[in-house]
Asker: 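Take a look at the following structure, please.
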Amino acid sequence: MKITELSRQALSNQSLALPLYSCLAPAGFPSPAADHYDKRLDLNEYLVLHPEATFFLRVKGDSMLGAGIHDGDLLVVDRSTEPSHGRVIIAVLDGELTVKRLHRQRGKISLRADNPAYSDIVIADDQELQVWGVVTHVIHKP
């Protein structure tokens with residue numbers, strides 16, 4: 001799959017550690033002590049727990065706004081995390097890729113949007129559902 005191949009290239013053994021400031025950023029007035037940093041942070045180490053099982057995927061649409069996932073966001077998806085009830089997952093339903101919240105109740109599985117403008121997708125017995133992974137992080141671009 002192309003997504004997996006691209007993610008392995010992106011998650012090569014190269015490290016890109018950038019400055020991590022030791023102070024917290026207040027939402028009010030800026031701190032005059034914010035001109036020094038404590039250590040360096042590699043976002044791969046921070047966002048990716050299982051490099052061989054992780055890939056990135058860009059979102060299209062607004063069905064997951066309630067989960068803080070917006071059109072154009074970049075998702076970090078872990079294939080090794082268990083797709084349990086309530087988790088946001090990447091799924092392929094009848095050949096179509098989607099990002100939804102997994103819902104299991106009384107033996108039934110549904111995919112739920114976090115936007116009231118969209119209906120739940122109740123999985124029928126004759127439908128094919130594959131879970132590609134669990135969304136672990138959402139990266140917003142300003």
Side-chain angles (χ1 to χ4, degrees), residues 1-31 33-34 36-142:
M1 296 176 193
K2 279 190 173 179
I3 292 173
T4 303
E5 292 170 17
L6 289 174
S7 65
R8 285 198 179 129
Q9 290 174 359
L11 293 172
S12 67
N13 290 332
Q14 266 186 325
S15 176
L16 178 60
L18 300 173
L20 174 63
Y21 287 83
S22 59
C23 61
L24 300 176
F29 296 102
S31 169
H36 67 283
Y37 64 90
D38 187 32
K39 58 182 179 177
R40 298 186 77 75
L41 172 69
D42 182 343
L43 287 179
N44 286 323
E45 290 178 16
Y46 186 74
L47 297 176
V48 178
L49 293 177
H50 308 104
E52 292 301 317
T54 300
F55 65 92
F56 300 102
L57 185 67
R58 193 157 306 277
V59 175
K60 182 177 180 183
D62 63 355
S63 70
M64 296 302 290
L65 289 176
I69 300 173
H70 301 93
D71 187 56
D73 283 352
L74 188 65
L75 303 179
V76 181
V77 183
D78 189 334
R79 295 178 65 97
S80 68
T81 300
E82 183 67 29
S84 57
H85 175 78
R87 300 294 304 259
V88 176
I89 63 168
I90 302 300
V92 178
L93 179 61
D94 294 332
E96 292 194 34
L97 192 64
T98 189
V99 55
K100 296 289 183 278
R101 191 171 299 278
L102 181 63
H103 189 80
R104 294 181 183 175
Q105 189 173 26
R106 296 184 205 118
K108 296 285 185 185
I109 297 174
S110 62
L111 302 178
R112 294 188 168 179
D114 275 0
N115 182 335
Y118 295 86
S119 300
D120 294 349
I121 303 169
V122 179
I123 309 303
D125 291 336
D126 62 340
Q127 290 183 293
E128 183 181 347
L129 175 67
Q130 295 177 327
V131 177
W132 276 15
V134 174
V135 174
T136 56
H137 296 283
V138 180
I139 302 170
H140 301 286
K141 190 172 182 180

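All figures in this text were calculated on a predicted structure; none of them were measured in a lab.
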Asker: Sequence neighbours left out, what passes side chain to side chain contact (heavy atoms under 4.5 Å, CB included) with Asp71? Give chain and number order.
Answerer: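 With sequence neighbours excluded, Asp71 shows a side chain to side chain contact (heavy atoms under 4.5 Å, CB included) to Lys60, given in chain and number order.
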
Asker: To the nearest 0.5 Å, how far apart are NZ in Lys141 and CG in Leu74?
Answerer: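 Between atom NZ of Lys141 and atom CG of Leu74 there are 9.5 Å.
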
Asker: Can you list the residues that meet the side chain to side chain donor-acceptor pair (under 3.5 Å) rule with Ser110, with sequence neighbours excluded?
Answerer: none

Asker: I want to check something: taking the side chain as every heavy atom from C-beta on, are Leu111 and Asp120 in contact at a cut-off of under 4.5 Å?
Answerer: no

Asker: Return the set of residues passing side chain to side chain donor-acceptor pair (under 3.5 Å) with Glu96 (not counting sequence neighbours), or none when no residue passes.
Answerer: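 In terms of side chain to side chain donor-acceptor pair (under 3.5 Å), with neighbours along the sequence ignored, Glu96 is linked to no residue.
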
Asker: Answer yes or no: is there a donor N or O on one side and an acceptor on the other, between the side chain of Arg58 and the main chain of Gly72, under 3.5 Å?
Answerer: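 Checking the backbone N and O of Gly72 against the side chain of Arg58, a donor-acceptor pair under 3.5 Å is found.
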
Asker: So, using salt bridge (Lys or Arg N to Asp or Glu O under 4.0 Å) as the criterion, who are the partners of Asp114 when residues are at least two apart?
Answerer: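 In terms of salt bridge (Lys or Arg N to Asp or Glu O under 4.0 Å), with neighbours along the sequence ignored, Asp114 is linked to Arg101.
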
Asker: Do Thr136 and Thr54 come close enough that some side-chain heavy atom pair is under 4.5 Å?
Answerer: no

Asker: Atom NZ of Lys108 and atom CG of Asp125: how far apart are they, to the nearest 0.5 Å?
Answerer: 5.5 Å

Asker: Listed by chain and number, what are the salt bridge (Lys or Arg N to Asp or Glu O under 4.0 Å) partners of Asp62, not counting sequence neighbours?
Answerer: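 Expected list: none.
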
Asker: Hey, are the side chains of Leu97 and Leu57 touching, using non-hydrogen atoms and a 4.5 Å cut-off?
Answerer: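 The answer is yes, as the side chains (C-beta and beyond) meet within the 4.5 Å cut-off.
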
Asker: For Val138, enumerate each residue passing the side chain to side chain contact (heavy atoms under 4.5 Å, CB included) test, keeping only those at least two apart in sequence or located in another chain.
Answerer: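 Testing Val138 for side chain to side chain contact (heavy atoms under 4.5 Å, CB included), a comparison that skips the adjacent residues, returns Ile69, Asp73, Leu75, Val135, His140.
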
